[in-house]
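So the structure is just underneath, and the comments pick up after that.
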Amino acid sequence: MGRIRWRLKEFPKKLLDSIRFRCQYSMQCLRSLTYNHHMSQSYASDVGLEPIFWFVDNFTHLLGPFFVFAVVCLTAAVVIICYWVGLPYWWNKSQNTTYFLMLVGHWLLWNVAYNFYKAAATSPGYPPEKELIVEAVSICKKCIAPKPPRTHHCSVCNKCVLKMDHHCPWLNNCVGYGNHRYFFLYMLYTSVGVLFIICFGFELGWNVLFGDGAGWNEVEPLHGHPVRFNLSGHIIPVTEMNDYIDDGLVPAQHDLPVPQDYSSNAAKHRAIVFMALINVATLFALGALTAWHSSLITRGETSIEAHINKSETKRLAALGKTYQNPYDFGPKRNWKLFLGLVRKRTWWWNVLLPSGHKPEGNGLTWLTVNDFRAIDGEDEWP
């Protein structure tokens with residue numbers, strides 16, 4: 001009996017020791033996967049995220065048309081609500097201002113629609129197939145084909161893209177050498193457009209969302225019967241509003257603004273709420289993306305090259321060296337080259353107005369900083 005009691009007392013301790021040992025052994029096995037010559041922590045995380053990569057590679061191109069359709073529907077809804085609610089509001093308020101808003105609004109809409117169509121329909125540019133590419137600097141591991149400078153492989157399109165920036169599901173297209181300018185101008189004009197709508201629709205939206213929705217109300221409503229004093233000083237009740245005529249007086253004319261009652265129209269109220277939400281969200285999301293791409297263009301790099309250049313800067317800094325982006329010609333020249341403002345093209349006709357001019361070069365060869373220094377004149381570009 002004593003031996004049995006001793007075993008019963010020792011059983012919980014042995015069980016805990018066994019569980020502790022197995023947990024430590026399991027953790028040691030997991031750690032061993034990242035502490036050898038064939039595995040690293042980065043590689044282990046990539047393997048763990050492989051299902052997500054597989055889903056993106058295989059289904060993003062299928063969801064692309066739905067994203068494009070969503071962009072078209074949202075843009076059309078915003079324009080329709082501007083005509084339906086905003087235009088009558090400003091027409092009753094000031095016709096001259098309405099003419100100005102119509103002019104600016106249609107200019108923005110024209111640029112947004114044109115650049116979105118061109119960004120989605122224009123090919124980003126691909127290296128020629130079954131041809132000798134003397135400009136190639138490496139071999140694509142997935143295509144098993146030569147890669148020119150600034151070319152990267154898109155896993156969604158399953159192709160190498162010239163000067164690839166990223167794959168945009170909202171365009172159902174890659175952003176690269178052929179359509180990068182259209183993509184950026186679409187974002188820029190859309191951000192300016194929603195800011196334009198927010199500024200000139202703020203008063204209308206504020207009255208509907210946070211005001212009384214019906215113009216104004218009496219703070220202290222009048223009670224009793226309206227009266228007037230006759231010549232002897234007696235009070236006489238007013239039975240008709242045109243009693244002034246009896247005294248030979250003309251009723252006073254007041255030019256007061258007529259409040260617009262949107263609270264009684266549920267459809268317009270919901271439309272204004274929708275406009276407030278979609279425009280504010282678009283301004284923050286697309287505005288931040290536009291600002292980030294502006295900084296990339298200023299430095300003469302794409303979003304992919306930004307990560308590469310950052311890694312190279314750290315690597316060379318550890319060696320006591322300084323890394324220089326070979327495609328950074330300075331902010332002014334970077335913007336001129338990106339927008340294609342060379343060969344006598346102007347800002348007014350080729351940026352402020354929709355322009356279909358193609359990017360310079362062929363996307364296979366790129367001048368570097370050293371090559372550009374030898375060119376006489378910044379407008380000279382092969």
Side-chain angles (χ1 to χ4, degrees), residues 63-117 119-120 168-172 182-219 256-294 352:
L63 298 176
F66 295 97
F67 283 112
V68 174
F69 180 74
V71 172
V72 174
C73 290
L74 289 175
T75 305
V78 170
V79 174
I80 292 173
I81 294 174
C82 286
Y83 276 104
W84 176 36
V85 180
L87 184 60
Y89 172 83
W90 277 102
W91 183 261
N92 294 331
K93 192 172 183 179
S94 173
Q95 295 184 4
N96 292 330
T97 305
T98 305
Y99 293 136
F100 169 76
L101 296 180
M102 290 285 288
L103 179 64
V104 176
H106 283 91
W107 166 67
L108 291 171
L109 178 61
W110 186 19
N111 278 283
V112 168
Y114 178 83
N115 286 293
F116 177 78
Y117 169 76
C168 180
W170 300 101
L171 298 175
N172 193 29
Y182 299 125
F183 168 76
F184 175 77
L185 290 179
Y186 163 71
M187 293 195 304
L188 178 63
Y189 280 113
T190 303
S191 301
V192 175
V194 296
L195 183 61
F196 171 80
I197 294 174
I198 291 174
C199 290
F200 290 95
F202 181 81
E203 180 181 1
L204 174 60
W206 182 271
N207 291 335
V208 172
L209 298 178
F210 303 103
D212 53 28
W216 61 79
N217 294 322
E218 293 178 345
V219 179
L256 298 176
V258 179
Q260 300 188 33
D261 185 4
Y262 291 102
S263 60
S264 60
N265 193 327
K268 289 185 178 181
H269 185 273
R270 287 194 295 267
I272 294 175
V273 173
F274 168 80
M275 287 284 283
L277 295 177
I278 196 66
N279 282 286
V280 171
T282 302
L283 179 62
F284 277 99
L286 209 57
L289 191 61
T290 304
W292 182 55
H293 276 270
S294 298
L352 294 182

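Numbers here simply count residues along the sequence, with the first being 1. Not measured: the values here are computed from a predicted model.
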To the nearest 0.5 Å, what is the distance between OG1 (Thr290) and CG (Leu185)?
10.0 Å
Phe183 side chain reached by Met187 side chain, heavy atoms, under 4.5 Å
yes
For Trp90 and Phe200, work out which heavy atoms get closest and say how close.
NE1-O, 2.9 Å
Measure the spacing between CG of Asn279 and SG of Cys82 and express it to the nearest 0.5 Å.
7.0 Å
Rounded distance (nearest 0.5 Å) linking atom CG of Leu101 with atom OG1 of Thr97:
6.5 Å
What I'd like to find out is whether the side chain of Trp107 reaches to under 4.5 Å of the side chain of Asn111, using heavy atoms alone.
yes
Could you tell me whether Tyr89 and Trp84 have their ring centroids closer than 6.0 angstrom?
no
Between Tyr189 and Phe184, is there a side-chain heavy-atom distance shorter than 4.5 Å?
no
Shortest non-hydrogen contact from Ser191 to Val194?
O-CG2, 3.1 Å
Under 3.5 Å, side-chain donor or acceptor atoms of residues 64-78 against the rest of the protein: list the pairs with distances, not counting sequence neighbours.
unit_1	atom_1	unit_2	atom_2	d
Thr75	OG1	Val71	O	2.8

Find the distance between OG1 (Thr190) and CG (Leu195) and round it off to the nearest 0.5 Å.
12.5 Å
Shortest non-hydrogen contact between Val85 and Pro88, atoms and distance
O-CD, 3.4 Å
At their closest point, which heavy atom of Ile272 faces which heavy atom of Gly205, and how far apart are they?
CG2-CA, 3.9 Å
Looking only at heavy atoms, what is the nearest atom pair of Thr98 and Ser94, with distance?
OG1-O, 2.7 Å
Is there a side-chain contact between Tyr83 and Ile80 in this structure, where contact means two heavy atoms from C-beta onward sitting under 4.5 Å apart?
no
Test your reading of the model: is there a side-chain donor-acceptor pair from His293 to the backbone of Leu289, 3.5 Å cut-off?
no
Tell me, yes or no, whether the heavy-atom count around Tyr117 atom OH, taken from other residues, nucleotides or ligands under 6.0 Å, exceeds 12.
no
How long is the gap from CD1 on Ile198 to CE on Met275, to the nearest 0.5 Å?
9.0 Å
For Tyr186 and Val112, the nearest pair of non-hydrogen atoms, with its separation, is CD1-O, 3.6 Å
Residue pair Leu63 / Pro169, side-chain heavy-atom distance below 4.5 Å:
no
